[in-house]
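Reading through the structure tokens given below for one structure.
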Amino acid sequence: MPVYDKIQISLSLKFQSKKKMSIELIIRDKIVEAIDKSYNQLIDLSLVQLQNTRKEFEGDITLVVFPFVRMSKKSPEQTAAEIGDYLQQNVNEVEKYNIVKGFLNLTISSEYWVSVLSTASTSPNYGITESSETSKLVMVEYSSPNTNKPLHLGHIRNNLLGFSLSEILKANGNKVVKTNIVNDRGIHICKSMYAWKMWGDGQTPENTGIKGDHLVGNFYVKFDQEYKKEIAQLIEQGETKENAEQNAPAMLGAREMLLKWEARDPETIELWKTMNQWVYAGFDVTYKELGVDFDKIYYESETYLYGKDEVLRGLNEGVFYQKEDSSVWADLTPEGLDQKILLRSDGTSVYMTQDIGTAKERFQDYSIDKMVYVVGNEQNYHFQVLSILLDKLGFEFGKGLHHFSYGMVELPQGKMKSREGTVVDADDLMAEMIEVSRKTSEELGKLEGYTPEQAAITYRMIALGALKYFMLKVDPKKNMLFNPEESIDFNGNTGPFIQYTYARIRSVLRKADDRGISINHHLANTTDIAAKELELIKAISQFPVAVKEAGDNYSPAIVANYIYELVKEFNQFYHEFPMLAEENEELRNLRLVIAETVGKTIKTGMKLLGIDVPERM
RNA sequence: GCCUUGGUAGCUCAGCUGGAUAGAGCAACGGCCUUCUAAGCCGUAGGUCUUGGGUUCGAAUCCCAACCAGGGUACCA
């Protein structure tokens with residue numbers, strides 16, 4: 001059975017040279033052997049709990065011996081001592097051990113750690129598993145915007161998570177197709193179209209200078225304002241609230257437009273195309289700024305009819321049932337859920353119907369092994385149902401779909417609401433952060449000698465690094481808070497902190513190069529290693545584990561937190577240990593290799609988060 | 001009502017597939033730039049891990065209940 005070990009054993013094999021078996025694996029096997037020989041018990045591997053030794057104790061790897069005391073029938077200390085002796089005698093790398101309560105702390109030889117560093121420093125894609133012919137193909141759907149308003153902070157979280165998750169899945173040896181389904185039709189789109197037609201005065205992005213998605217968004221807001229006025233007026237005239245809402249001219253106009261759209265009325269289609277193009281042009285800018293992209297884009301206007309046939313087939317096959325008003329339903333009470341509507345009484349599709357259709361479509365387009373939907377947790381129920389329905393319809397991929405359910409971004413006042421104007425606009429936020437970044441850089445005067453263009457690239461890199469890291473370092477499943485009053489930090493556990501560390505490493509390496517110091521990656525003769533240096537090597541050795549864990553758990557946050565720990569460790573080292581000024585050449589070389597490898601790891605890790613790192617800052 | 005997710009330091013968050021004295025950052029206070037970039041480093045202070053039971057050698061972590069908060073819940077997407 002797969003066992004979770006803090007030191008992920010199965011993985012260790014992949015990133016170390018094939019000739020060499022990872023120390024954790026060896027120790028685990030030897031422990032099983034020791035128990036067998038000493039206590040005559042054949043134990044399950046899952047009982048062997050190995051973990052990294054906590055820093056306050058001496059040692060590198062710790063075995064929890066409690067599970068074995070009932071076999072040894074001796075005290076935990078004595079049991080630990082017996083196992084410790086056995087390991088010391090039978091595993092070369094185990095130099096010594098100590099025992100604290102029921103914990104056996106093993107010290108691994110520095111030769112071993114040096115070899116780990118050597119491997120990490122010389123392998124070109126350290127921590128990354130390349131895809132192969134047998135790799136799984138994973139399709140990741142993310143972003144999925146509506147074309148009636150610009151992107152906001154919630155979309156930013158979605159986009160960053162989707163992009164980063166895709167990178168992480170790739171780094172775990174999968175092939176990934178990033179896809180986006182654009183919700184480009186429906187009553188909400190018609191609302192902004194109607195508003196533009198009524199009150200637009202021929203405004204275009206060109207003649208107003210307003211970014212297309214924002215312009216269209218303005219009309220969506222305008223619609224709501226006028227609609228509310230009309231409702232108020234009708235109520236004043238004695239209409240009931242429901243009647244007023246149903247019969248306000250704006251609503252009637254939007255509905256009429258939707259009917260015309262569905263009837264392919266040329267004028268309506270033309271307006272729809274024009275306004276959507278404005279929005280797409282705007283989205284392209286935002287996506288580019290965010291640094292996300294897609295391999296395949298689906299448009300709801302092209303796919304929204306697909307699901308209906310499947311539902312009708314399900315009806316024929318008796319999987320679904322029809323009510324007297326001819327609406328079609330699925331009965332999910334056997335699954336512990338409710339009844340779910342699939343076709344309205346007028347025969348039109350609902351959201352669920354469309355998702356059934358697009359799922360089928362995608363599996364026809366690609367030979368997908370796994371489908372991942374990056375969609376907010378407010379839709380947990382929807383995806384639970386979708387999975388069941390696909391399964392009922394006989395699609396084997398139904399059960400395997402994964403809803404990557406992420407939490408909302410909340411403001412101090414609560415949830416963001418487009419209509420109440422409490423959204424944080426994506427473009428505005430990025431622009432503000434770039435401005436803060438520029439000011440900070442200029443105050444610190446770090447970029448002297450850069451051309452304005454080079455400097456601008458760096459400001460953006462830092463600003464986006466701050467934003468992305470801020471969003472990705474928290475557990476995706478959880479809701480998170482964003483306070484617009486407090487700008488996103490550039491100090492502490494932040495993207496810029498990590499970028500800064502990288503820039504310092506690069507600076508040292510440039511200087512080494514300038515001084516004609518060449519780095520030797522053959523570290524065989526290096527022996528005398530300080531504790532801090534060992535800590536760093538151990539931290540480096542955990543990178544592939546973090547990547548694996550992030551992939552298994554669908555969590556970019558694991559990568560983010562790993563990099564932070566690594567960087568914190570390095571900064572302490574940087575402060576205490578001179579590199580270039582170290583006179584002992586062997587030691588100087590070791591430290592430079594450590595710095596270089598940490599830098600490489602930072603760069604690779606940040607890339608998995610979609611964050612670039614600067615040469616200077 | 002039912003389903004579901006969460007509640008850890010003043011604030012934002014790690015830790016949660018059971019292990020050693022619960023960790024960071026921010027904010028506060030104090031120290032460190034003639035030495036590889038101070039967006040950094042070091043230190044002080046700050047905790048009944050919502051509460052109450054249970055399982056266990058061992059519980060922030062697993063189970064049950066309560067309280068509080070978010071989300072969902074049959075013709076929106």
Side-chain angles (χ1 to χ4, degrees), chain A residues 2-6 49 51 53-54 56-57 62 64-67 69-70 76 100-103 105 144 146 183 186-188 300 323 325 327-332 336-346 348-352 354-355 376-382 384 405 407-408 410 414-415 437 440-441 443-444 446 462 466 470 473-475 477-483 486 489-501 503-512 515 552-553 557-558 560-561 564-565 568 571-572 574-582 591-592 595 616-617:
Chain A
V3 183
Y4 176 84
D5 288 324
K6 295 277 156 121
Q49 290 181 55
Q51 54 191 254
T53 304
R54 295 175 64 123
E56 55 267 38
F57 301 103
T62 293
V64 183
V65 298
F66 290 110
V69 295
R70 63 189 162 81
V100 181
K101 295 181 192 170
F103 298 90
N105 301 322
S144 314
N146 291 328
N183 302 300
I187 188 74
H188 52 295
E300 191 191 309
K323 284 192 182 173
D325 63 4
S327 55
V328 177
W329 296 75
D331 179 11
L332 300 175
L337 303 173
D338 293 323
Q339 318 284 323
K340 186 75 192 174
I341 189 160
L342 298 175
L343 290 177
R344 295 190 187 96
S345 45
D346 64 4
T348 57
S349 297
V350 295
Y351 175 43
M352 186 62 76
Q354 294 175 32
D355 259 5
N377 62 15
E378 56 200 350
Q379 293 192 35
N380 286 352
Y381 184 71
H382 174 81
Q384 197 185 347
S405 165
M408 300 288 101
E410 288 170 348
K415 214 181 161 184
S437 169
T440 310
S441 287
E443 277 165 21
L444 294 171
K446 296 280 183 65
I462 295 167
F470 176 81
K473 77 173 175 185
V474 314
D475 183 343
K477 290 196 288 293
K478 291 188 178 173
N479 287 359
M480 63 180 292
L481 188 92
F482 175 81
N483 188 349
E486 307 164 7
D489 240 302
F490 285 67
N491 299 315
N493 183 359
T494 67
F497 169 79
I498 293 162
Q499 291 171 316
Y500 174 69
T501 305
R504 289 210 297 198
I505 290 171
R506 296 300 305 157
S507 174
V508 170
L509 294 175
R510 279 194 300 272
K511 284 190 171 143
R515 296 179 194 182
D552 290 348
N553 293 293
I558 289 172
N561 289 320
Y564 177 63
E565 294 300 327
K568 216 166 40 141
N571 278 334
Q572 292 165 359
Y574 180 90
H575 189 255
E576 288 172 43
F577 295 82
M579 288 176 260
L580 300 175
E582 174 56 50
R591 289 178 185 168
L592 286 171
R616 285 176 58 184
M617 72 179 271

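On a predicted model such as this, the values are computed, not experimentally measured, just so you know. In what follows, every chain begins at residue 1, and chains take the letters A, B, ... in the order their sequences are listed.
Using a 3.5 Å distance cut-off with no hydrogens or angles, the side chains of A/H382 and A/D355 do pair a donor with an acceptor. There is a side-chain donor-acceptor pair under 3.5 Å between A/N380 and A/S405.
Atom OG1 of residue A/T440 and atom NZ of residue A/K446 lie 10.5 Å apart, to the nearest 0.5 angstrom. The line from OH of A/Y500 to CD1 of A/I462 is 11.5 Å long, rounded to the nearest 0.5 Å.
Across the protein-nucleic acid pair, A/M480 atom CE and B/rG7 atom P stand 15 Å apart, rounded to whole Å. Between the OH atom of A/Y574 and the C1' atom of B/rC33 there is a distance of 12 Å, given to the nearest Å. The CE-P distance, from A/M617 to B/rA39, rounds to 8 Å in whole Å. The separation between A/Q499 atom CD and B/rA39 atom P is 14 Å, rounded to whole Å. Straight-line distance from the CG atom of A/N571 to the C1' atom of B/rC42: 13 Å, rounded to whole Å. One interatomic measurement links the two molecules: CD1 of A/I505 to P of B/rC36, which rounds to 16 Å at whole-angstrom precision. Taking atom CD of residue A/E576 and atom P of nucleotide B/rG40, one finds them 17 Å apart after rounding to whole Å. Rounded to whole Å, the distance from CG on A/D475 to C1' on B/rG7 is 14 Å.
Residues A/L343 and A/S349 meet the side-chain proximity criterion, which asks for heavy atoms closer than 4.5 Å. The shortest distance between side-chain heavy atoms of A/Y351 and A/Q379 falls below 4.5 Å. Side chains of A/F470 and A/M480 form a contact here, defined as non-hydrogen atoms less than 4.5 Å apart. With contacts defined as side-chain heavy-atom distances shorter than 4.5 Å, the pair A/S345/A/K323 does not qualify.
A donor-acceptor contact shorter than 3.5 Å is absent between the side chain of A/R506 and the backbone of A/R616. Here the side chain of A/N479 pairs a donor or acceptor atom with the backbone of A/M408 at under 3.5 angstrom.
Evaluation of the side-chain hydrogen bond (donor to acceptor under 3.5 Å, both in side chains) rule for A/R70 yields no partner, not counting sequence neighbours. Here A/Y381 pairs with nothing under the ring pair (Phe, Tyr, Trp, His ring centres under 6.0 Å) rule; sequence neighbours left out.
Glycosidic conformation of B/rC33 is syn; the angle stays within 90° of 0.
Between A/N380 and A/I462, the residue whose closest nucleotide on RNA chain B is further toward the 5' end is A/N380.
Within the 4.0 angstrom heavy-atom criterion, no nucleotide atom of any strand lies near A/T501. Counting any heavy atom pair closer than 4.0 Å across all strands shown, A/L481 reaches sugar-phosphate atoms only and no base atom. Here A/A503 lies in heavy-atom contact (under 4.0 Å) with a base. At a threshold of 4.0 angstrom between heavy atoms, the contacts of A/F482 with the nucleic acid are absent. Within 4.0 Å (heavy atoms only), A/F497 reaches sugar-phosphate atoms of the nucleic acid but no base atom. Residue contacts shown for A/K446 include a base, since a base heavy atom lies under 4.0 Å away.
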Does the protein touch nucleotides 20-32 of chain B at the base, only the backbone, or not at all? Give it as B, S and - per nucleotide, heavy atoms under 4.0 Å. BS-SSSS------
Base-contact (B) and sugar-phosphate-only (S) positions in nucleotides 54-63 of chain B, heavy-atom cut-off under 4.0 Å, - elsewhere: ---B------
Starting at the 5' end of nucleotides 67-77 of chain B, put B wherever the base has a protein heavy atom under 4.0 Å, S where only the sugar-phosphate does, and a dash everywhere else. ---SSSSBBSB
Encoded 5' to 3' (Watson-Crick or G-U under 3.5 Å; [ ] crossing; | other strand), RNA chain B becomes ((((((((.[[[[.)...(...]]]].(((((.......))))).....[[[[[..)....]]]]])))))))....
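Between the P atoms of B/rC75 and B/rC16, the separation comes to 41 Å (whole Å). When the P atom is compared between B/rU44 and B/rG25, the two are found 13 Å apart, to the nearest whole Å. Rounded to the nearest Å, the gap between the P atom of B/rU61 and that of B/rU56 is 16 Å. To the nearest whole angstrom, the two C1' atoms, one in B/rA74 and one in B/rC13, are 39 Å apart. The separation of B/rA28 from B/rC33, taken at their C1' atoms, amounts to 23 Å, rounded to a whole angstrom. Comparing the C1' positions of B/rG30 and B/rA45 gives a spacing of 11 Å, expressed to the nearest Å. Between the P atoms of B/rU4 and B/rU8, the separation comes to 22 Å (whole Å). Nucleotides B/rU50 and B/rA60 are separated by 10 Å at their P atoms, to the nearest Å.
A cation-pi arrangement is present between A/R504 and A/Y574, with the terminal nitrogen or guanidinium carbon under 6.0 Å from the aromatic centre and inside a 45° cone about the axis.
Relative ring orientation between A/F497 and A/Y564 is described as tilted, the plane-to-plane angle lying within the 30° to 60° band.
Side-chain atoms of A/K478 lie closest to B/rA14 of the nucleotides B/rA39, B/rA14, B/rC36.
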Check against side chain to side chain contact (heavy atoms under 4.5 Å, CB included), A/F103 and A/V64: CA-CA 5 Å; A/F103 298 90; A/V64 183; 4.0 Å; yes
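OP1 or OP2 of B/rA38 lies within a sub-4.0 Å distance of a side-chain N or O belonging to A/R504.
Only one option out of A/S441, A/S507, A/P496 pairs with A/M617 in a side chain to side chain contact (heavy atoms under 4.5 Å, CB included); it is A/P496.
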